[in-house]
Protein chains: 2
Amino acid sequence: MPKVSAAHREARRSQIVEAALQCFIHKGFQRTSMADIIEASGLSAGAIYLHFASKQEIASAAAQSVVGRRVGDIRDRLTQSPLPDPGQFVQLVMTGLATEVHDSRLLVQLWAESFFDPAMSQLVDGVFQRLRAVLVDYLAGWSAAERGLDADAARAWGERAAPAMLSLLQGHILQSAILPSFDTDAYADAVRAVLP
Amino acid sequence: MPKVSAAHREARRSQIVEAALQCFIHKGFQRTSMADIIEASGLSAGAIYLHFASKQEIASAAAQSVVGRRVGDIRDRLTQSPLPDPGQFVQLVMTGLATEVHDSRLLVQLWAESFFDPAMSQLVDGVFQRLRAVLVDYLAGWSAAERGLDADAARAWGERAAPAMLSLLQGHILQSAILPSFDTDAYADAVRAVLP
DNA sequence: GTCTATAGCCGGATAGAC
DNA sequence: GTCTATCCGGCTATAGAC
């Protein structure tokens, strides 16, 4: 059993991952070289390969740290009543999932990577599954409270509308990443315009 | 003035672009090497560099051919009355913009590339601008016809809701690219559930 | 455990024969 | 105009000193 190792190893790993994330933000996943990560981390090549077997493993760990960071928080925030309206809901989830523009850009890159990297693909699928479940619950609860549907009808409507609601979240990610003039409040308002 | 060149040159260029697109679909933008494009095109390295100055230029031309292919069609389809409902609208635009799953995957890659490649960025911005204008027009026309709003109110609502409608299109692209079980009709139904 | 130096490879782009 | 052969640079990962 190692002495300081357990905690120190983890600290070192996250130091590397954090440095990698900075590089990925500024240069993109593929364009980032190991030399970039080495320089940003302040460590040496040998030290890094002691903790990660390959660049791809670093990228995978970095991706997990982005999506896994606060994915548990989302559900917690939604157990509070009264339920937020859909506009607030989007802002709430986005605050928990991708506060910064940088995070949004990383997520879009992650989507693209997932087509060709099985590890990334698995990660993305998992998030989509969990997110979808949360959306159905929220939509069912909201439509029951707001529109007075009975439980079955509310759930059915939630299932039906979930893909569209998912898009409203994904669109927020994409638009905030791409459009320089993106405005969170205006976006929440747009959501309210379609889901009144 | 060249004799056969004008037409033949263009044919050769599109032959290269088409080969590149196949590679990008199967391996991704970055992972595709010039050797891949050379092999897929059936030409040689020298022949290709006679038509394109760099790999990036090929990628740029390929991206343009994906988004520019039928972008003009969209507007035409929307001048027909009666206006489709939002569910049909999404299907209509998607049919014009990205019929195949492959096209969707290329678009997602394009979004990610646009963060780091100015040429791609310009292309994406342009599409978003044009698309947004089309959306405002459609939403204004639809809400006027369906909900009996006067022209000013309809336009105001269209402007307000446009970002959300844009998300419904972007979400279609993303989900069809990522989710193996994606169902276009179910998606159109989800759109109708939120925009009745 | 950590660094430096480097092996080995593969990438994009070009030169020159035909 | 087109192909073959090749250059050079940068990449990832490792070997070996400390």
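Throughout, a chain's letter reflects where its sequence line sits, starting with A, and its residues are numbered from 1. Given the structure is predicted, the values throughout are model-derived calculations rather than measurements.
In terms of position on DNA chain D, the residue among A:Asp36 and A:Gly46 whose nearest nucleotide sits closer to the 5' end is A:Asp36.
Look at CD1 on A:Ile38: it is 13 Å from C1' on C:dT6, rounded to the nearest Å. Whole-Å rounding puts the A:Phe52 CZ to D:dT14 P distance at 15 Å. Between A:Glu39 atom CD and D:dG10 atom P the separation is 15 Å, expressed in whole Å. Atom CD in A:Gln15 sits roughly 13 Å away from atom C1' in C:dT2 (whole-Å rounding). As a whole-Å value, the separation of A:Leu50 CG from D:dG16 P is 17 Å. Atom-to-atom, CE of B:Met34 to C1' of C:dT14 comes out at 12 Å; the value is rounded to the nearest Å. Rounding to whole angstrom units, CZ of residue B:Arg9 and P of D:dG1 are separated by 7 Å. One interatomic measurement links the two molecules: CG of B:Leu43 to C1' of D:dC3, which rounds to 10 Å at whole-angstrom precision.
With A:Gln88 contributing its side chain and A:Asp85 its backbone, the two residues share a donor-acceptor pair below 3.5 Å. When atom types are taken as modelled, the side chain of B:Asp137 and the backbone of B:Val134 share no donor-acceptor pair closer than 3.5 angstrom.
Under 4.0 angstrom from either OP1 or OP2 of C:dT14 there lies no side-chain N or O belonging to B:Tyr49. Remark: A:Arg12 is in phosphate contact with C:dT2, judged by side-chain N or O atoms under 4.0 Å from OP1 or OP2.
A:Arg31 comes within 4.0 angstrom of no nucleic acid atom, judged by non-hydrogen atoms across all strands. Note on B:Ala45: a base of the nucleic acid sits closer than 4.0 angstrom, heavy atoms only.
The distance from atom CZ of B:Phe182 to atom NE2 of B:His172, rounded to the nearest 0.5 Å, is 4.0 Å.
Comparing C:dG12, C:dC3, D:dT12 by their nearest atom to the side chain of A:Ser44 picks out C:dC3. Ranking C:dT2, C:dG11, D:dC3 by closeness to the A:His51 side chain, first place goes to C:dT2.
Within a 6.0 Å radius of CD in B:Gln122, other residues, nucleotides and ligands contribute 12 heavy atoms or fewer.
With contacts defined as side-chain heavy-atom distances shorter than 4.5 Å, the pair A:Gln15/A:Leu43 qualifies.
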